[in-house]
Colleague: 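First, the structure itself, so that you have it in front of you.
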Amino acid sequence: MSCGCYGDMAAPIRGMPHVTRPPLDTDYVRSFFPALDDSWAFMENAGGSLVPYTVIDAVSAYMRECQVQPGDNAAIARQARQRMEAGQATAAAMLNAAPDEVIVGPSTTRNVQTLALAMRSRLHENDEIIVTNLDHEANNNHWRRLQEHGFIIREWQVDPETAELEIGALEPLLTERTRLVCFSHCSNITGGPNPVREITALVHAAGAQVCIDGVAMAPHTSIDVRELDVDYYLFSLYKTFGPHLGVMYGKREHLLSLPGQYFHFHGEDDIPLKLNPGAPNHELTAATAGVGAYLDALARHHLVEPAGDPVMRYRQVFRMIQDHESALAARFLSWAADQPRIRLVGRRRAGNTGRAPTFSFTIDGMASQQLPALLESRGIVAGAGDFYAPRVLEATGIDPADGVVRCSLVHYNTADEVDRLTIALEAIMAENSP
């Protein structure tokens, strides 16, 4: 299979001028995150990233200044509506989508549940849905439950040696009854990206649609749903430096064709509201604009001529982020290659042909559940468990009950922190010989 590149989503946008990328100024980056402290290193970003003060201030400002029902009946209500619309527009720009193609809901899990309920009435008995044993349960569980309604679920399984999906294993699963293929852009366990464009083209040729879980990819690279030609794409804002919300994109024609999941008086052409039961959270949707303000600040600081269009501007910023993260990943992977007691799940290469900086591993002779406390005592925050993806651990011979240790980095992490991690792991292994 042609492996997806960590960098393939960062290819230049048509029409964007060439800009020489300076190195990321991590001191400037870290100045935006009040929770960061040099006395400890945060390395559980895949579970939820820290947020910049631009987001924190936007939540506070909304609740101080216009915590009313948004609408048009008063100046304060119009202000609330406009701030929410700005947050909606930011979420859409992060995907190169139109605002009305984007649902800003409570979480990725809830957004998939809403989508599955809507699609259920458009399916027929014995229609087939393909899911994987790689994905987080958010893009798994709700689809599998449709078996209860007479639909057939087929599983696209990872290669147990590489923990990766192979297109050759998908092709025989596609039939004339296939209606939907659900898979991840990047695994939250392995850090390995999938070639979304290639898979989507294959699925479309078979007459089916795709639903992509982009949660583990969105913090690391810009996403272009139009270039990918995906039908549905989801990510979590709270893992992408934003408030605790999830974002779901759908092609406009698909959203219009789905039955509404909100009150009956919301018309079938009322997108995206008809697929957001309970309506979006007001102050957090407004605060999503703070993610855009943060990315804009990075663009102004680093670039002589930031792009005028926000989609292109975010792309420029994420290219710098990717360069920085690739260096961090290479640093860790180089160290891990010389550690015979460490079993790393996923690829052992960084850069444009490699992986996101999410590292899951086990240590011979130690329970994974031991590690977070031992790392915390050395000033490092990491996680251990199955991270809601137990199926891929089972497939690769790892007991989900103990799980893996996961150290996940983003652009505000530094090379010094990576060294701090590797020194700590060496000390822990020395103190806990098998």
Side-chain angles (χ1 to χ4, degrees), residues 39-50 109 132-138 140-141 157-164 184 186-192 215-216 219 239 328-329 331-350 355-410 413 416-434:
S39 66
W40 60 283
F42 186 65
M43 296 189 176
E44 184 30 14
N45 294 285
S49 64
L50 303 176
T109 299
T132 81
N133 63 347
L134 174 67
D135 282 23
H136 186 289
E137 284 298 295
N140 236 316
N141 180 67
Q157 298 182 351
V158 298
D159 181 322
E161 296 299 318
T162 64
E164 296 202 15
S184 57
C186 177
S187 165
N188 71 320
I189 294 288
T190 73
V215 172
K239 299 181 181 183
L328 298 184
R331 197 178 191 94
F332 179 82
L333 292 170
S334 176
W335 172 84
D338 294 327
Q339 305 300 319
R341 289 181 62 187
I342 287 185
R343 177 193 173 186
L344 182 68
V345 184
R347 303 173 194 174
R348 291 182 172 269
R349 62 187 183 277
R355 54 176 296 156
T358 296
F359 308 107
S360 299
F361 54 90
T362 59
I363 296 179
D364 183 38
M366 296 189 69
S368 295
Q369 298 295 326
Q370 291 179 265
L371 268 294
L374 294 173
L375 287 169
E376 185 181 18
S377 70
R378 291 165 169 83
I380 296 168
V381 177
D386 64 22
F387 301 103
Y388 299 97
R391 301 174 198 273
V392 69
L393 298 184
E394 291 173 346
T396 53
I398 297 172
D399 179 8
D402 185 44
V404 291
V405 184
R406 186 174 72 180
C407 297
S408 47
L409 313 178
V410 292
N413 290 116
D416 287 344
E417 289 180 327
V418 174
D419 292 344
R420 183 173 184 169
L421 170 64
T422 58
I423 291 168
L425 288 171
E426 285 181 3
I428 289 168
M429 288 189 288
E431 294 167 4
N432 295 270
S433 300

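Just so it is clear, the values below take in all heavy atoms, side chains as well, and ignore hydrogens, waters and symmetry mates.
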Colleague: In Å and rounded to the nearest 0.5 Å, what is the CG to CD1 distance from L371 to I363?
Modeller: 4.5 Å
Colleague: Could you walk me through whether N188 and T358 pass side chain to side chain contact (heavy atoms under 4.5 Å, CB included), step by step?
Modeller: CA-CA 7 Å; N188 71 320; T358 296; 5.8 Å; no
Colleague: Can you tell me how far the CZ atom of R348 sits from the CG atom of L333, to the nearest 0.5 Å?
Modeller: 8.0 Å
Colleague: Between R355 and T190, is there a side-chain heavy-atom distance shorter than 4.5 Å?
Modeller: no
Colleague: Check whether any side-chain heavy atom of N45 sits under 4.5 Å from a side-chain heavy atom of N413, and report yes or no.
Modeller: yes
Colleague: According to salt bridge (Lys or Arg N to Asp or Glu O under 4.0 Å), does anything in residues 362-378 pair up with another residue at least two apart or in another chain? List the pairs.
Modeller: R378-E431
Colleague: Within this structure, what is the CG-CG distance for the pair L374 and N432, rounded to the nearest 0.5 Å?
Modeller: 6.0 Å
Colleague: Checking D399 now: which residues fulfil side chain to side chain donor-acceptor pair (under 3.5 Å) with it, not counting sequence neighbours?
Modeller: none
Colleague: First locate atom CD of Q339, then atom OG of S334, and finally report the distance between them rounded to the nearest 0.5 Å.
Modeller: 10.0 Å
Colleague: Do the non-hydrogen side-chain atoms of Y388 and H136 ever get within less than 4.5 Å of each other?
Modeller: yes
Colleague: Where do R343 and T396 come nearest, in terms of heavy atoms and distance?
Modeller: NH2-O, 2.7 Å
Colleague: Report yes if the side chains of I189 and L393 come closer than 4.5 Å at any heavy-atom pair, otherwise no.
Modeller: yes
Colleague: Out of curiosity, M366 CE to D402 CG, how far, rounded to the nearest 0.5 Å?
Modeller: 10.0 Å
Colleague: Evaluate the ring planes of W40 and F42, with Trp represented by its six-membered ring, and classify them as parallel (under 30°), tilted (30 to 60°) or perpendicular (over 60°).
Modeller: perpendicular
Colleague: Using only heavy-atom distances, determine whether the side chains of T132 and D135 contain a donor-acceptor pair under 3.5 Å.
Modeller: yes
Colleague: Compare every heavy atom of P372 with every heavy atom of A382, then report the nearest pair and how far apart it is.
Modeller: O-CB, 3.9 Å
Colleague: Distance from F332 atom CZ to C407 atom SG, nearest 0.5 Å?
Modeller: 6.0 Å
Colleague: What's the verdict on side chain to side chain contact (heavy atoms under 4.5 Å, CB included) for V392 and V345, showing C-alpha distance, side-chain angles and the deciding distance?
Modeller: CA-CA 10 Å; V392 69; V345 184; 5.8 Å; no
Colleague: Specify the closest pair of heavy atoms between S360 and L344, including all atoms of both residues, with the distance to one decimal.
Modeller: O-CD1, 3.5 Å
Colleague: Give me the atom names and distance for the closest heavy-atom approach of G403 to I398.
Modeller: O-CG2, 3.8 Å
Colleague: Do F387 and R406 come within less than 4.5 Å of each other through their side chains, counting heavy atoms only?
Modeller: yes
Colleague: Less than 4.5 Å apart, side chain to side chain, heavy atoms only: is that true for S408 and M43?
Modeller: no
Colleague: Does anything in residues 385-394 form a salt bridge (Lys or Arg N to Asp or Glu O under 4.0 Å)? List the pairs, not counting sequence neighbours.
Modeller: E137-R391
Colleague: Do D419 and R331 have side chains that get closer than 4.5 Å, going by heavy atoms?
Modeller: yes
Colleague: What I'd like to find out is whether the side chain of V418 reaches to under 4.5 Å of the side chain of L409, using heavy atoms alone.
Modeller: yes
Colleague: Which heavy-atom pair separates A329 from F359 by the least distance, and what is that distance?
Modeller: CA-CZ, 3.6 Å
Colleague: Can you tell me if E426 uses its side chain to pair, donor with acceptor, with the backbone of I423 under 3.5 Å?
Modeller: no
Colleague: Grab the two heavy atoms, one from I380 and one from A424, that are nearest each other, plus how far apart they are.
Modeller: CD1-CB, 3.8 Å
